[in-house]
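Numbered from 1 within each chain, the chains take letters A, B, ... in sequence-line order. Computation of the quantities below employed the complete heavy-atom set of this structure, encompassing side-chain atoms and omitting hydrogens, waters and symmetry-equivalent molecules. Quick caveat: nothing in here was measured; it's all calculated off a predicted structure.
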Amino acid sequence: MITDARVLQPEFIPSEVKHRPAKISHLTDTLRPITEGGRAESSFLYGPSGAGKTCIARYTVEQLRESVVSMDHQYVNCWEDYTRFKLLYRVLDGIGKTIDIHRQSTPRDELFDRLRDSVDAPYVVILDEVDQLQDKDVLYDLYRIPNLTMILIANREEDVFTHLDERLHSRLSSCARIHFDRYSLDELVTILEDRVQWGLADGVIDRHRLELIADYAAGDARKAIGILRNAAQKAKYEDTAEITETIIETVVPEAEAELQQKTVEKLTQHQRLLYEIIADYDEISGGDVYAEYTSQADDPKTRRTMRNHLAKLEQYNLIVAKGNTKARTYHLVT
DNA sequence: GATCCACAGGAATCCTCGGGGT
DNA sequence: ACCCCGAGGATTCCTGTGGATC
């Protein structure tokens with residue numbers, strides 16, 4: 001059934017990417033000065049999740065790396081490395097300069113100084129989910145480093161640009177903006193066909209059933225591959241020779257829950273409690289959430305902190321806030 | 001439509017923690 | 001053993017806003 005499980009993993013980057021050729025060449029053109037020994041402009045990729053932003057950024061940089069041997073590159077997920085210290089640490093790590101740095105303080109901004117002094121070859125840094133960055137000023141610092149080129153990735157353009165201060169806004173507004181749309185059904189099927197060819201045994205699934213998966217995924221490649229992975233595992237577990245339509249249909253909610261679960265796991269204890277409270281209601285006001293929260297938590301935080309957490313949950317696409325001020329209600333994403 | 005009220009969210013400040021220096 | 005420092009989280013303080021009420 002499964003011949004290569006790796007290609008069904010969400011983080012797998014194919015060695016050959018056939019879809020989105022226009023996006024790849026746009027990004028390649030932007031990075032081209034690096035091949036000629038110059039400095040490339042930063043670029044900004046935005047669009048819904050599962051539209052191929054991360055995949056194409058990593059793929060394109062990897063391609064470039066093959067022609068420019070002296071180039072360094074690093075991928076950073078700003079969701080995980082969301083503070084200034086963590087981000088700079090990760091960026092330094094990409095050029096192997098983190099030895100003997102353990103703590104997140106003392107020599108005031110030693111990380112940045114060291115980074116500035118160390119980048120002497122072209123260095124491309126991919127900042128994924130950059131809207132999750134707590135302190136956007138660090139982008140300005142990175143921008144000022146010669147030889148360093150940023151590729152920023154986010155879902156929505158405005159999530160990144162509205163909170164920037166003026167100098168950074170004007171700098172970044174000139175960078176290449178590449179918009180990604182959801183995949184079409186045909187594109188999704190093509191992506192799935194490749195994964196099937198690389199990772200599954202012959203004849204376990206036909207085009208018609210891949211279209212069914214693509215249909216459920218609604219333009220989201222991550223979701224489509226998730227469904228395929230779950231379906232293949234279920235078929236293997238049930239010891240059937242094919243991935244049937246029935247298997248696909250039963251696995252869709254599991255695949256969706258799996259995506260959601262991954263996000264929920266990253267929440268703090270208090271954030272998770274708030275999420276669970278909202279999950280218990282079809283719709284609930286902020287005041288009621290807080291009342292419920294104070295009765296359930298053993299050491300409740302203040303209202304203001306709760307509002308910060310709710311804003312986070314909304315950013316993570318776990319909850320939806322409807323309406324303004326007093327009339328605002330919260331519910332789970334459907 | 002004026003006023004009130006509950007809430008959102010920005011900014012400043014406080015608190016705590018972990019590790020380094022002496 | 002003690003103090004100090006910086007980061008990040010939480011809290012405090014505050015202003016703005018829109019629905020509710022009369």
**Item:** Heavy-atom closest contact (A:Arg182 atom, A:Glu187 atom, distance)
**Value:** O-OE1, 4.4 Å
**Prompt:** Could A:Arg32 and A:Glu36 be called an ion pair, given the rule that one side-chain N must be under 4.0 Å from one carboxylate O?
**Reply:** no
**Asked** Got a salt bridge between A:Glu80 and A:Arg90, using NZ or NE/NH1/NH2 to carboxylate O under 4.0 Å?
**Response** no
**Message:** Among residues 308-324 of chain A, which ones have heavy-atom contacts with DNA chain C below 4.0 Å?
**Reply:** A:His309, A:Asn324
**Residues from residues 276-303 of chain A lying under 4.0 Å of DNA chain C - heavy atoms** = A:Lys301, A:Thr302
How many whole angstroms separate atom [atom1] of [X] from atom [atom2] of [N]?
X: A:Leu111; N: C:dG8; atom1: CG; atom2: C1'; result: 15 Å
X: A:Leu87; N: C:dG8; atom1: CG; atom2: C1'; result: 15 Å
X: A:Phe85; N: B:dG19; atom1: CZ; atom2: P; result: 11 Å
X: A:Arg304; N: C:dT15; atom1: CZ; atom2: C1'; result: 12 Å
X: A:Leu274; N: B:dA8; atom1: CG; atom2: P; result: 12 Å
X: A:Lys326; N: B:dC7; atom1: NZ; atom2: P; result: 8 Å
X: A:Tyr330; N: B:dC7; atom1: OH; atom2: P; result: 10 Å
X: A:Arg84; N: C:dG9; atom1: CZ; atom2: P; result: 15 Å

**Asked** Under 3.5 Å, is there a donor-acceptor pair between the side chain of A:Asn230 and the main chain of A:Val251?
**Response** no
Distance test, side-chain N/O of [X] to OP1/OP2 of [N], below 4.0 Å:
X: A:Thr325; N: B:dA6; answer: no
X: A:Gln134; N: C:dA7; answer: no
X: A:Arg307; N: B:dG9; answer: no
X: A:Tyr82; N: C:dA7; answer: no

**Asked** Cation-pi between A:Arg39 and A:Tyr143: NZ/CZ under 6.0 Å from ring centre and within 45° of the ring axis?
**Response** yes
Do you see a donor-acceptor pair shorter than 3.5 Å between the side chains of [X] and [Y]?
X: A:Tyr75; Y: A:Asp128; result: yes
X: A:His179; Y: A:Glu157; result: no
X: A:Tyr275; Y: A:His309; result: no

**Prompt:** For the residue pair A:Phe44 and A:Tyr46, does the interplanar ring angle fall in the parallel (under 30°), tilted (30 to 60°) or perpendicular (over 60°) class?
**Reply:** parallel
**Request:** Looking at every strand, decide which applies to A:Thr305 at a 4.0 Å heavy-atom threshold: base, sugar-phosphate, or nothing.
**Result:** base
